[in-house]
Amino acid sequence: MNLLEGLNHAQREAVVYSEGPQLIFAGAGSGKTRVLTYKIAYLIQKDLFRAHQILAVTFTNKAAKELKNRVEDFVGPLGKFINVGTFHSVCARILREEITILGYTKNFTIYDTTDQLSIIKQIIKNENIEPEKVTPNAILNKISKLKSDNIMPEAFVARKFIPVEELTERIYPFYQQTLKRCNALDFDDLLILPVKIFKKNPEILAKYQDRFKYILVDEYQDTNKTQFLLISMLSGKYNNICVVGDDDQSIYSWRGADIQNILDFEQTFRNSKTFKLEQNYRSTKKIISAASAVVQNNTLRADKNIFSENEEGENIEFIDGMNEYDEATKIGFAIEREIRSKKLNFKDIAILYRTNAQSRVLETILNRQKIPNAIIGGVRFYERKEVKDIVAYYKFFANVKDDESFRRIINTPPRGIGKKTIDTLDDFSHQKDINLFEGLMSLDKMDLTARAKTSLENFLKFITDYQKLLESVSLEEWARMMIDGLGYFNYLKSGDTEEAIQRTANISELLNAISDYCSTTENPTLQGYLEEVALVSDIDAWQDQKNAISLMTLHSAKGLEFPVVFISGLNQGLLPLGNALDDDKQLNEERRLFYVGITRAEKKLYLTAARTRNFRGLDSLASPSQFLQEIPAELICNLPFQGSRRNISPEFEDAEETSSASIAIHREYVRKDIGHQAVHSFQKKEPVQQTTTSTGKVPEIGMRVTHKIFGTGTITAKVGFGHNPKLTIRFNSHGIKTIFGKFVNIID
DNA sequence: ATCTGCCTCATTTTT
DNA sequence: TGAGGCAGAT
């Protein structure tokens, strides 16, 4: 088969070029994956490189798998020898071979964010550091940021009088030591340690330069400095590197991605050649026009002109809800209409949002409307308590130096080892600078009660027994036997409560996943399984064959496409997100995120917003996103809030009153789960009850009041004057609400 | 040692 | 709103 058929001119040029560094600017929907696949197949077919000499780095494991399969379609079984993976998984593979040179062992553990945070908190405690209103989270973010810039503790100097930096300077060295003592790596270590090894050991670098003679990197706009160093080192000898990306789709600067990597490519890699794919095959003309118009508002972007020769298409549709429930309900109705009129399947439709928290309301309402839906992300399977417990055991068996897992399992299920005993062990180990498990080995030297000692000895025996067992039975069998030996099912109260049933089911699910792993992997190991678990992304776990509406964040949607797309929550403060509002750089990134969202849509795009939203239990006014204005009016129907309504005007305040009252009523329905009808009647805009008559008194802070729905409460804040100011009220049984004065009665 | 309930606090996106 | 931390009860 001729590989070059079915490619346009620009795509063909990009595929065929193979004389050195190559940058492909690939606009959204321009056939990027196609070019990557064809290019790899071309390199192999033309015998320019052997399959195993090619390294392709993708953004998700799912994309890696797809790429591999598609290459195999062209070049046959040979294709499975190409090296494909995410930066993190490729690096993990390198480290499994080379890490001993840094003093770690090959069975290292990969720590997740919870583990990282826990370490920071312990350091703060152990070193008696006064956290002066800097959260552990802020420190962790700072450390991660440093690591993505390839700055290790010894190279970091804090700027004076910047508390986060000063604290980080103190904590970072301890943090890194702790990881090493635990034989554990965080996500950033996976990238930074190979760089460290390559720098110090040219012979090891040379080995990998010869192993990976041709390197391709997808989504290059989202690489950070460490990733850049990695690929420039690896490609340093043969200079065969091809990167693909789109600066307009850079959405990961918050985790260190540096858009400069792609913008500077031509200067950094000498004799490079740049290609541009500008024709979009995915979306209608109207969608592309809207996307271009929006992104044009950004500064600092490479010059490009994306166009579509597809049909004109339908207008973009704006939907306006009273509140987020109303917004979701209207999305549901629109989905039904789309499916009926265009004979679509549920899986042809996606709802995108800025934050995971938004999925809850959408899910509730869609379920009520009986629209099958699947949430990607949110509370992940491996984050659930029972699953984390068991996985912590597995992690500990794979690497007994893993103190974080040790802490988690030492008394779960409860075996009589309490806080005091653990503190003793902790102090002992900390003083001797050894792992908790090593400390446990010399428990005779500790000052403990006989009872505590026995409990610890039993635990130790359990561990050694099952360590031995692991050597004599298959991983799959062992995984189950270990859980049985623990009595974990009993601990879950083998029983009838809804919760226990769910948790037991999750453990079974976990065992299934292990069976799956064992039967699809050539040489299954505990450590290999754990690595897979640590590096799966939400999208990797997505079962796209299922016929359901997909709900996911805009970030997760990168690289995907759907005939019909809803972008929800187009409110100021949400998209763009709150603190991006006064920072131009961040605002640019939010806009790119919106751009990514728009360009996921093939045929029809809906943009939705709500007039009020509940934030942390507080109903508050929401104004439409500034991005809506950036879409040319002729491309969109029902654009609201035009003219004077942009700013909060008296007219607008009225709207708020009615809606906050209806929200209260609505929410009460939801609470009582009268649900279905409630939502529909809400839809029909039942007249709002203008209930209470004013008592004649002016509400003041500290007064007790009653409300028709929320009962009694106390006024804690007031905005405005007279009989009808905006009040913040702490209700006895409904928490804090913001309500207008005329809806409450003052108690004498 | 373990459990319960109250209080406080909050950035959001993910490997 | 909801998770996590902590004090006090069992």
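Numbered from 1 within each chain, the chains take letters A, B, ... in sequence-line order.
Evaluation of the side-chain hydrogen bond (donor to acceptor under 3.5 Å, both in side chains) rule for A/Asn356 yields no partner, not counting sequence neighbours. Partners of A/Thr553 according to the side-chain hydrogen bond (donor to acceptor under 3.5 Å, both in side chains) rule, which considers only residues two or more places apart in sequence or in another chain, are A/Ser556. For the salt bridge (charged side-chain N to carboxylate O under 4.0 Å, His left out) test, residues two or more places apart in sequence or in another chain that qualify with A/Lys388 are A/Asp112. Checked against salt bridge (charged side-chain N to carboxylate O under 4.0 Å, His left out), A/Glu457 has no partners two or more places apart in sequence or in another chain. Partners of A/Arg384 by side-chain hydrogen bond (donor to acceptor under 3.5 Å, both in side chains), not counting sequence neighbours: none found. Under the rule for a ring pair (Phe, Tyr, Trp, His ring centres under 6.0 Å), the partners of A/Phe462 that lie at least two apart in sequence or sit in another chain are A/Tyr466. Partners of A/Asp246 according to the salt bridge (charged side-chain N to carboxylate O under 4.0 Å, His left out) rule, which considers only residues two or more places apart in sequence or in another chain, are A/Lys304.
Here the separation of B/dT13 from C/dG4, taken at their P atoms, is 15 Å to the nearest Å. Taking atom C1' in both B/dT12 and C/dG5, one finds a spacing of 23 Å when rounded to whole Å.
No engagement by A/Arg592 is indicated, since no non-hydrogen atom pair under 4.0 Å with the nucleic acid exists. Among the heavy atoms of the strands, none lies under 4.0 Å from A/Lys558.
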Using atom types as modelled, flag every donor-acceptor pair under 3.5 Å from a side chain in residues 575-585 of chain A to any protein atom, sequence neighbours excluded.
residue  : atom : partner  : partner atom : Å
A/Asp583 : OD1  : A/Lys585 : N            : 2.9
A/Asp583 : OD1  : A/Gln586 : N            : 3.4
A/Asp583 : OD2  : A/Gln586 : NE2          : 3.1

Name the atoms and distances for all side-chain donor-acceptor pairs under 3.5 Å in residues 252-262 of chain A, with sequence neighbours left out.
residue  : atom : partner  : partner atom : Å
A/Ser253 : OG   : A/Glu589 : OE1          : 2.6
A/Ser253 : OG   : A/Glu589 : OE2          : 3.3
A/Trp254 : NE1  : A/Ile251 : O            : 3.1
A/Trp254 : NE1  : A/His555 : NE2          : 3.4
A/Asp258 : OD1  : A/Gln260 : N            : 2.9
A/Gln260 : NE2  : A/Asp264 : OD1          : 3.3
A/Asn261 : ND2  : A/Thr223 : O            : 3.1
A/Asn261 : ND2  : A/Thr223 : OG1          : 3.1
A/Asn261 : ND2  : A/Asn224 : O            : 3.3

Item to check | Protein proximity profile, nucleotides 9-15 of chain B - base contact B, sugar-phosphate-only contact S, no contact -, cut-off 4.0 Å on heavy atoms | outcome: -BBBBBB
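The main-chain N or O of A/Ile417 is found under 3.5 Å from a side-chain atom of A/Asn411 such that the two form a donor-acceptor pair.
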Grab the N/O contacts between the protein and nucleotides 1-4 of chain B below 3.5 Å, and write none if there aren't any.
residue : atom : partner  : partner atom : Å
B/dA1   : OP1  : A/Gly418 : N            : 3.1
B/dA1   : OP1  : A/Thr421 : OG1          : 3.2
B/dT2   : OP2  : A/Asn411 : ND2          : 2.8

Polar atom pairs between nucleotides 7-10 of chain C and protein, under 3.5 Å, N or O only, would you list them?
none

